[in-house]
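One structure below.
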Amino acid sequence: MSNLIPAIKVKNLSFYYGISKVIEGISLDIYQNQVTAIIGPSGCGKSTFIKTLNRISELEATVKVEGQVEFFGQNIYDPGINLNRLRRKIGMVFQKPNPFPMSIYENVAYGMKIAGRYRKIELDEIVESALKGAALWNEVKDKLNTSALGLSGGQQQRLCIARALAVKPKVLLMDEPCSALDPIATMKVEELLHSLRSELTIAIVTHNMQQATRVSDFTAFFSTDESRIGQMVEFGDTTQIFRNPLDNRTRDYVSGRFG
Ligand SMILES: Nc1ncnc2c1ncn2[C@@H]1O[C@H](COP(=O)(O)OP(=O)(O)OP(=O)(O)O)[C@@H](O)[C@H]1O
Ligand SMILES: [Mg+2]
């Protein structure tokens, strides 16, 4: 435990859409090379929370943030921060696979192409290694130039993971990445999370308790109070959260009595 290094340190974070506060006072460390699951009832602010970690939340609405989010020691809410670079370092995969209407190859190469000039041979290598990293290479290597929209849902989600991996992020944020997938595709993504952990840090929102216990090292349980504002109730080792929660609200939730 003592050699864990926080990749992201969240300090007393509150978040508002317009004037409406949706999460309050969240402090949490997301450790490097570990998988952290974020669980909790619908509307408690899980998606909002992970979207504050690479400031993608600002694309949707007028928002206000209080507190700090440090990424390896730097506050990502500092005025001088380069948002494109930040979002390359902290990538995101969403609930619904969202491949671009382009070829499989172009989808994966996309981020590299906008980031700078690469030779074809370099791009080929990056695309291959990202597709291998996302456990998709064998299924698509003979049809890289066909449309990504022709892939199955599970393949599309792994393609989105490959697209995120291609720019070599340090952290991958995943918002219910398996909720649109069948059990076999889900299993493939879960296996992938295990192997990716040696190279990067993962924060995953999931509604599936079994999934949280299978894939994560740490778990944060969020809930809302009477005023419907999301808060973190408990954080700990995943085994402890599920077997021996300290807070009754966590116990009720993980035992399926609530949410
Ligand atoms: N763009 C937005 N503008 C205004 N309010 C929003 C916006 N997105 C979310 N909210 C509100 O913020 C609160 C938290 O929503 P959020 O989507 O983060 O919850 P969640 O825990 O991810 O829920 P679910 O499990 O259903 O995905 C909700 O009350 C929601 O209505
Ligand atoms: Mg959500």
Side-chain angles (χ1 to χ4, degrees), residues 8 10-28 30 35-69 76-77 83 87 90-98 153 156-157 160-161 164 171-181 186 189-190 193 202-216 218-236 238 241-242 245 247 249-259:
I8 295 180
V10 180
K11 296 178 177 170
N12 201 19
L13 183 87
S14 297
F15 184 91
Y16 303 73
Y17 288 109
I19 54 163
S20 142
K21 190 192 270 193
V22 296
I23 52 180
E24 181 172 72
I26 295 185
S27 296
L28 165 67
I30 294 176
V35 178
T36 299
I38 296 150
I39 61 169
S42 187
C44 69
K46 304 178 296 296
S47 297
T48 300
F49 174 73
I50 63 163
K51 286 188 285 184
T52 63
L53 303 182
N54 69 353
R55 296 183 57 176
I56 212 136
S57 45
E58 290 162 35
L59 298 176
E60 287 171 26
T62 309
V63 306
K64 187 170 95 177
V65 175
E66 291 164 352
Q68 287 199 342
V69 176
I76 68 165
Y77 285 92
L83 288 180
R87 291 174 189 149
I90 307 180
M92 186 141 190
V93 173
F94 297 90
Q95 182 166 4
K96 207 166 151 280
N98 59 348
Q156 288 188 7
Q157 193 61 307
C160 293
I161 294 172
V171 177
L172 195 54
L173 307 173
M174 309 179 101
D175 192 357
E176 300 190 52
C178 301
S179 63
L181 307 185
T186 297
V189 171
E190 288 186 5
L193 295 188
I202 296 170
I204 178 173
V205 172
T206 178
H207 267 124
N208 181 325
M209 300 296 118
Q210 281 75 34
Q211 177 166 74
T213 58
R214 284 192 298 261
V215 305
S216 74
F218 292 92
T219 297
F221 172 60
F222 283 27
S223 193
T224 48
D225 59 10
E226 316 74 53
S227 51
R228 309 288 306 149
I229 297 173
Q231 286 164 1
M232 189 172 81
V233 173
E234 191 168 349
F235 170 80
T238 295
I241 293 289
F242 282 89
D247 192 290
R249 290 168 292 175
T250 315
R251 179 162 309 145
D252 287 350
Y253 187 78
V254 301
S255 65
R257 258 178 282 168
F258 171 64

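Counting convention: from 1, in listed order, for ligands and their atoms alike. Every heavy atom of this structure was used, including side-chain atoms; hydrogens, water molecules and symmetry mates were not. Note that the numbering runs from 1 along the sequence shown for the chain.
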Quick one: which ligand 1 atoms are inside 4.0 Å of a heavy atom on S47? 17 (O), 18 (O), 20 (P), 22 (O), 27 (O)
Treating S27 as the side-chain partner and N12 as the backbone partner, does any N or O pair qualify as donor plus acceptor under 3.5 Å? yes
Of all the atoms in S47, is at least one N, O or S atom closer to the Mg ion (ligand 2) than 2.8 Å? yes
Considering the heavy atoms of E176, write down every atom of ligand 1 situated less than 4.0 Å from one of them. 27 (O)
Knowing that exactly one of I30, N54, V93 qualifies, which makes a side-chain contact (heavy atoms from CB on, under 4.5 Å) with L173? N54
Can K46 be said to sit on top of F222's aromatic six-ring, NZ or CZ under 6.0 Å from centre and within 45° of the ring axis? no
Ligand 1 and V22, any nitrogen or oxygen pair closer than 3.5 angstrom? no
If you scan protein heavy atoms around atom 9 (C) of ligand 1, the nearest is Y17 CE1, 3.4 Å
Under 3.5 Å: donor-acceptor pair, side chain of E234, backbone of D247: yes
For R228, is the nearest heavy atom under 4.0 Å from an atom of ligand 1? no
Do you know the tightest heavy-atom contact between E190 and V215? CG-CG1, 3.6 Å
Taking the ring centre of each residue, are F218 and F235 less than 6.0 Å apart? yes
At a 4.0 Å threshold, what atoms of ligand 1 neighbour a non-hydrogen atom of T48? 14 (C), 15 (O), 16 (P), 18 (O)
Polar contacts were defined as any N/O atom of the residue lying under 3.5 Å from an N/O atom of the ligand; does this apply to F49 and ligand 1? no
Judging by distance only, is a nitrogen or oxygen of G40 under 3.5 angstrom from one on ligand 1? no
